[in-house]
Number of protein chains: 2
Amino acid sequence: MKISTKGRYGIRLMLSLALNYNNGHLPLNVIAKEQGISEKYLEQIINPLTKAGLTTSFRGAQGGYSLSKEPSQITVGSILRILEGSLSPVDCLDNGLCEKANSCTSLSLWQKIKEAVDEVVDNTTLEDLVEEYHAKNGMNFYI
Amino acid sequence: MKISTKGRYGIRLMLSLALNYNNGHLPLNVIAKEQGISEKYLEQIINPLTKAGLTTSFRGAQGGYSLSKEPSQITVGSILRILEGSLSPVDCLDNGLCEKANSCTSLSLWQKIKEAVDEVVDNTTLEDLVEEYHAKNGMNFYI
DNA sequence: ATGATTTCTTATATATTTGGTAGGAATTAT
DNA sequence: ATAATTCCTACCAAATATATAAGAAATCAT
């Protein structure tokens with residue numbers, strides 16, 4: 001039941017872009033240095049986010065990445081599902097229920113866990129994290 | 001964010017013991033056969049549950065296992081935490097917060113996820129699963 | 001044009017975790 | 001005694017997690 005580094009780094013990465021939302025785009029090496037994560041690893045993480053349309057990339061010199069929507073329009077859930085796969089605790093909730101579903105006793109338990117997690121991640125946006133960031137770190141510039 | 005087979009099999013195993021709660025103890029080979037799980041693997045799963053005091057073992061011929069408390073007194077959370085380790089999505093919530101905790105923006109997100117999961121698993125008991133079992137499978141004997 | 005910068009693509013490497021299997025010792029009922 | 005059962009320890013293969021790396025493609029600044 002752990003979130004992997006991809007999910008965790010991905011959230012931090014997206015928070016960086018959210019904090020920078022009004023300043024154009026940001027290259028990965030800046031974020032990598034600031035967060036102490038390998039730039040190459042960050043590339044792998046942001047790639048699927050770009051493909052999914054959450055971020056926009058600008059290639060070449062002076063390129064970088066930016067959010068493709070307002071922070072308030074990007075939920076933590078959409079980020080985590082791209083990076084972690086489904087957040088449900090068992091596969092059967094995703095792959096369509098198995099043939100024993102109507103007699104399966106634990107099914108509703110897994111379903112409740114899934115709903116509880118979904119409720120949190122689908123109702124937390126990057127804007128919420130930005131507010132949290134400022135509450136904890138003051139209004140200072142990010143970078 | 002997946003529950004492993006140990007957690008899933010463990011829940012099913014404990015449900016079997018709960019369904020059998022008024023009939024004394026049950027040997028693993030019976031449960032293994034019924035659920036199509038290797039008896040040797042079930043041994044590894046029930047062992048920590050016994051050490052944690054959730055189940056009682058009876059060695060030797062005609063031995064077996066039984067719940068050591070009423071099904072209503074055993075939560076799904078207590079079972080899963082023994083078999084899966086902590087259910088929190090990140091390690092820092094268990095190992096004591098790290099030195100960056102007071103500036104960490106994602107911390108409260110992880111905490112909310114943890115609380116949401118805890119809320120479900122700590123308020124679901126084996127008795128609830130027994131009721132669910134009977135609702136789905138009728139009042140027929142279990143074994 | 002050229003060089004510097006940056007993303008994009010693909011391949012590779014290592015460590016850890018998962019999901020078991022297996023052998024035999026210890027214990028107990030019959 | 002014997003059979004049944006838990007208990008303990010070791011082992012193993014496959015998958016997953018966590019990266020590192022090389023170089024191609026694109027773009028900007030000069």
Side-chain angles (χ1 to χ4, degrees), chain A residues 1-13 16-17 20 24-68 80 82-86 89-91, chain B residues 1-13 16-17 20 24-68 80 82-86 89-91:
Chain A
M1 286 289 284
K2 287 282 177 287
I3 300 271
S4 74
T5 55
K6 287 200 178 180
R8 286 188 284 118
Y9 293 172
I11 293 291
R12 285 162 59 186
L13 171 62
S16 290
L17 295 182
N20 194 62
H25 53 268
L26 212 54
L28 280 192
N29 61 55
V30 172
I31 302 178
K33 183 169 295 182
E34 174 223 1
Q35 298 190 0
I37 303 173
S38 138
E39 181 183 345
K40 286 297 188 184
Y41 197 28
L42 279 185
E43 284 180 10
Q44 287 184 41
I45 292 172
I46 204 169
N47 196 297
L49 297 174
T50 300
K51 282 184 174 155
L54 296 194
T55 48
T56 305
S57 65
F58 302 88
R59 301 184 67 171
Q62 316 308 315
Y65 296 90
S66 64
L67 298 186
S68 48
L80 289 179
I82 290 165
L83 298 175
E84 297 280 316
S86 155
V90 292
D91 279 335
Chain B
M1 285 291 283
K2 289 281 178 286
I3 299 271
S4 72
T5 54
K6 288 201 176 176
R8 286 188 284 117
Y9 294 172
I11 294 291
R12 285 162 60 186
L13 170 63
S16 290
L17 295 182
N20 195 61
H25 52 267
L26 212 54
L28 280 191
N29 62 56
V30 172
I31 302 177
K33 183 170 293 182
E34 176 223 1
Q35 298 190 0
I37 304 173
S38 138
E39 182 183 346
K40 285 295 189 183
Y41 197 28
L42 278 186
E43 285 180 10
Q44 290 183 38
I45 292 172
I46 204 171
N47 195 297
L49 297 173
T50 301
K51 283 184 175 157
L54 296 193
T55 48
T56 306
S57 64
F58 301 88
R59 301 185 69 171
Q62 315 308 316
Y65 296 89
S66 65
L67 298 186
S68 47
L80 288 179
I82 290 165
L83 297 175
E84 297 280 317
S86 155
V90 291
D91 279 334

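Atom set for the values below is all heavy atoms of this structure, side chains included, hydrogens, waters and symmetry mates excluded. Chain A is the first sequence line, chain B the second, and so forth, proteins listed ahead of strands; every chain is numbered from 1.
- Bounding nucleotides for the chain B contact on DNA chain D, 5' to 3', at a heavy-atom distance below 4.0 Å, are D:dA3 to D:dA10.
- Remark: side-chain polar atoms of A:N20 are paired, donor with acceptor, to backbone N or O of A:G24 under 3.5 angstrom.
- Where pairing requires Watson-Crick or G-U contacts shorter than 3.5 Å, the helical stems of DNA chain C with at least three consecutive pairs are C:1-30 with D:1-30.
- Rounding to the nearest 0.5 Å places CZ of A:R12 at 9.5 Å from CD1 of A:I45.
- Checking B:E84 against B:A61, the closest nucleotide of DNA chain C that is more toward the 5' end is the one next to B:E84.
- Residues B:L13 and B:L28 are in side-chain contact: their nearest non-hydrogen atoms beyond the backbone lie under 4.5 Å apart.
- Residue A:L83 holds its CG atom at 8.0 Å from NZ of A:K6, rounded to the nearest 0.5 Å.
- Contacts of residues 52-60 of chain A with DNA chain C (heavy atom under 4.0 Å): A:S57, A:F58, A:R59, A:G60.
- Boundaries of the chain B contact region on DNA chain C are C:dG19 to C:dA29, first to last in 5' to 3' order (nucleotide atom under 4.0 Å from a heavy atom).
- Proximity of a side-chain donor or acceptor of A:H25 to a complementary backbone N or O of A:Q62 within less than 3.5 Å is detected.
- Under the rule for a side-chain hydrogen bond (donor to acceptor under 3.5 Å, both in side chains), the partners of A:T50 that lie at least two apart in sequence or sit in another chain are A:T55.
- Here B:K2 lies out of heavy-atom contact (under 4.0 Å) with every strand.
- In this structure, A:L49 CG and A:K51 NZ are separated by 11.5 Å, a value rounded to the nearest 0.5 Å.
- Judged as a side-chain contact (heavy atoms from CB on, under 4.5 Å), and not counting sequence neighbours, the contacts of B:N29 are B:P27, B:E39.
- The side-chain hydrogen bond (donor to acceptor under 3.5 Å, both in side chains) check on B:S4 picks up B:E84, with sequence neighbours excluded.
- Here the straight-line distance linking atom OH of B:Y65 with atom OG1 of B:T56 works out to 11.0 Å at 0.5 Å rounding.
- Contacts between residues 40-47 of chain B and DNA chain C, defined by a heavy-atom separation below 4.0 Å, involve B:K40, B:Y41, B:Q44, listed by number.
- Closest heavy-atom contact between B:S16 and B:L26: O-CD2, 4.3 Å.
- B:I46 is listed as a side-chain neighbour of B:L17, based on a closest heavy-atom distance under 4.5 Å.
- In this structure, B:S68 contributes its side chain and B:L54 its backbone to a donor-acceptor pair below 3.5 Å.
- With sequence neighbours excluded, the residues forming a salt bridge (charged side-chain N to carboxylate O under 4.0 Å, His left out) with A:K40 are A:E43, listed by chain and number.
- Partners of B:Y41 under the side-chain hydrogen bond (donor to acceptor under 3.5 Å, both in side chains) rule, at least two apart in sequence or in another chain, are B:T5.
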